[in-house]
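Lettering of chains follows the sequences in order, A, B, ..., and the numbering in each one begins at 1. Bear in mind the structure is a predicted one, so any value in this text is a computation, not a measurement.
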Amino acid sequence: MHTCVRALLKVKKPANSNSRQAAVTWATWLEIISTMETQVSNGPSGTSLPNGPVISTNGATDDSKTNLIVNYLPQNMTQEEFKSLFGSIGEIESCKLVRDKITGQSLGYGFVNYVDPNDADKAINTLNGLKLQTKTIKVSYARPSSASIRDANLYVSGLPKTMSQKDMEQLFSQYGRIITSRILVDQVTGISRGVGFIRFDKRNEAEEAIKGLNGQKPLGAAEPITVKFANNPSQKTGQALLTQLYQTAARRFTGPLHHQTQRFRLDNLLNASYGVKRFSPITIDSMTSLAGVNLTGPTGAGWCIFVYNLSPEADESVLWQLFGPFGAVTNVKVIRDFTTNKCKGFGFVTMTNYDEAAMAIASLNGYRLGDRVLQVSFKTSKQHKA
DNA sequence: TAGAATT
């Protein structure tokens, strides 16, 4: 774990000397890292709360001074590392690394709610601008959650290459409060790629900006710009989800795709569930170790698949979305505790066709769903040790 | 013509 934390914390002084971050000394960083490693090796800190949550006069919890949103987190940062980093500042009331509901992958942001507003302020001053691997994290107060601030992100294309981020903000600021803006640049030359993002505070502000600016030429520009709502990266299409699952599966089974034989195996993975039958029994057998296993299927309904290590929050929709892309699914079931109604950690999926079921198993067995590794196999006639 | 910003 220490190695993990060290790996994440390739701490560098932010390049931007205007950042408040620049005032923090190396001694402070080393203290933070030291604290983190102590906490990690000691496990989670205590849960006693000397101060209760701040309660406003109308009875609602007011966390506007304690609750932070953290953006631009490294993709591979875990909840544990996230908590360690922010726990090094002060006592945390709650924190959450936000993950994709289906794939379990980090969405690159999270929330930290401190017990003490002073610690929230300290976290902003200390950790905003911290470089973790290739990312520079942003730490700021979370706005109160509401529907009006969702889906307020715009994708802008056709921008003049000479237009700066500041220019773009100036153009859009007439429609509302801008939360973030970004112009994408060529990684080698650093020249604008003519596309960017603008996130407004409110969705209706974003709508007005589309009405006012889509198809318009900025002052002095030769071409009109396109302004539309950005795709939501957490709402992946079935195809994108599949690609991600296959990439994970292919990496597990073949490692980096350097060899022709491995490329061929990936082709098999990709083609099979789109109905292009270039099915290789050897590939499947090597991945699922079916030899000698006593299967229950096919029953009248199809092939029954056992899925183990689901989270207590798992529901049927997760199973549909995990297995659906591989072919015909006729039934899914999450096994729940009778009293709590939480998932007991496993479920079943029935698929009509053997090859599609085998492909789903080959791809999803060992698949990491959040911080859990799924075990997926054909259901056997023997009672599973669970 | 594509970022991981509302639990």
Side-chain angles (χ1 to χ4, degrees), chain A residues 53 60-64 66-79 82-83 86 92-114 120 124 127-129 132-161 163 165 168-169 172 176-187 191-203 205-206 210 213-215 223-237 239-241 243-244 311 313 370:
Chain A
T61 305
D62 175 17
D63 54 12
S64 63
T66 57
N67 195 27
L68 304 179
I69 184 164
V70 184
N71 292 294
Y72 311 113
L73 292 166
Q75 173 61 230
N76 60 355
M77 189 178 211
T78 65
Q79 164 84 25
F82 183 59
K83 186 174 183 182
F86 286 86
I92 291 173
E93 192 274 325
S94 63
C95 75
K96 181 174 192 176
L97 178 66
V98 179
R99 296 179 185 279
D100 184 284
K101 195 184 171 213
I102 305 307
T103 68
Q105 304 249 354
S106 165
L107 294 181
Y109 66 94
F111 297 90
V112 180
N113 195 12
Y114 283 98
I124 292 174
L127 297 176
N128 182 39
L132 293 177
Q133 301 176 157
T134 63
K135 304 282 190 176
T136 303
I137 70 169
K138 180 178 176 185
V139 185
S140 53
Y141 288 110
R143 291 170 287 165
S145 185
S146 83
S148 65
I149 67 172
R150 294 179 58 172
D151 302 315
N153 198 24
L154 296 179
Y155 176 75
V156 187
S157 58
L159 292 166
K161 302 280 195 276
M163 184 178 266
Q165 181 183 349
M168 183 173 71
E169 285 205 6
F172 282 83
R177 178 187 165 208
I178 294 169
I179 301 299
T180 55
S181 71
R182 164 172 294 182
I183 287 180
L184 303 185
V185 298
D186 183 287
Q187 290 210 335
I191 295 173
S192 165
R193 293 165 64 187
V195 302
F197 294 88
I198 292 271
R199 179 178 297 278
F200 279 100
D201 183 36
K202 296 288 190 314
R203 182 181 169 91
E205 294 169 346
I210 292 175
L213 292 175
N214 183 37
E223 301 298 328
I225 60 174
T226 300
V227 184
K228 57 187 182 183
F229 282 110
N231 295 334
N232 190 333
S234 66
Q235 291 167 0
K236 286 208 173 100
T237 65
Q239 174 120 0
L241 180 63
T243 303
Q244 192 179 325
S311 84
E313 320 307 324

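Rounded to an integer number of Å, the gap from CD of A/Glu313 to P of B/dT7 is 16 Å. Distance, A/Asp151 CG to B/dT6 P: 8 Å, rounded to whole Å. Rounded to whole Å, atom P of B/dT6 lies 7 Å from atom CD1 of A/Ile149. The nearest whole Å value for the distance from the CG atom in A/Asp201 to the P atom in B/dT6 is 12 Å. Between A/Asp63 atom CG and B/dT6 atom P the separation is 16 Å, expressed in whole Å. Protein atom OH of A/Tyr141 is 17 Å distant from nucleotide atom C1' of B/dT6, rounded to whole Å. Regarding A/Phe229, its CZ atom lies at a distance of 15 Å from the C1' atom of B/dA5, rounded to whole Å. Distance A/Phe197 CZ to B/dA5 C1': 13 Å, rounded to the nearest Å.
One finds a side-chain N or O of A/Arg150 lying less than 4.0 angstrom from the OP1 or OP2 phosphate oxygen of B/dT7. Listed pair A/Arg193 / B/dA2 meets the phosphate criterion, a side-chain N or O lying under 4.0 Å from OP1 or OP2. OP1 and OP2 of B/dA5 both lie 4.0 Å or more from every side-chain N or O belonging to A/Thr180.
Heavy atoms only, all atoms of each residue included: A/Ala206 and A/Ala152 are closest at CB-O, 3.8 Å. Closest non-hydrogen pair, A/Ile178 versus A/Thr180, comes out as CG2-O, 3.4 Å.
Both A/Val98 and A/Gln75 lie near DNA chain B, and the one whose nearest nucleotide falls closer to the 5' end is A/Gln75.
Stacking between A/Tyr155 and the base of B/dA2 is present: ring centres sit under 5.5 Å apart and the planes differ by under 30 degrees.
Of the candidate nucleotides B/dT1, B/dT7, B/dT6, B/dT1 has the atom lying nearest to any side-chain atom of A/Val195. For A/Lys228, the listed nucleotide lying nearest its side chain is B/dA2; candidates were B/dA5, B/dA2, B/dT7. Here the nucleotide nearest the side chain of A/Ser157, chosen from B/dT7, B/dA5, B/dT1, is B/dT1. The side chain of A/Lys96 lies closest to B/dT7 when the candidates are B/dA5, B/dT7, B/dA2.
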Q. What's the verdict on side-chain contact (heavy atoms from CB on, under 4.5 Å) for A/Ser106 and A/Gln75, showing C-alpha distance, side-chain angles and the deciding distance?
A. CA-CA 6 Å; A/Ser106 165; A/Gln75 173 61 230; 4.1 Å; yes

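Looking at residues two or more places apart in sequence or on another chain, you find a ring pair (Phe, Tyr, Trp, His ring centres under 6.0 Å) between A/Tyr155 and A/Phe197. Take A/Phe86 and apply the ring pair (Phe, Tyr, Trp, His ring centres under 6.0 Å) test, not counting sequence neighbours, and it matches A/Phe82.
Contacts of A/Leu73 with the nucleic acid, taken as non-hydrogen atoms under 4.0 Å apart, are absent. Using a 4.0 Å heavy-atom criterion, one finds that A/Lys135 contacts the sugar-phosphate atoms exclusively. Residue-level contact check: A/Phe111 touches the bases, meaning some heavy atom is under 4.0 Å from a base atom. Across all strands shown, A/Asn113 has no heavy atoms under 4.0 Å from either base or sugar-phosphate atoms.
Remark: A/Glu223 CD is loosely packed, at most 12 non-hydrogen atoms of other residues, nucleotides or ligands lying under 6.0 Å away.
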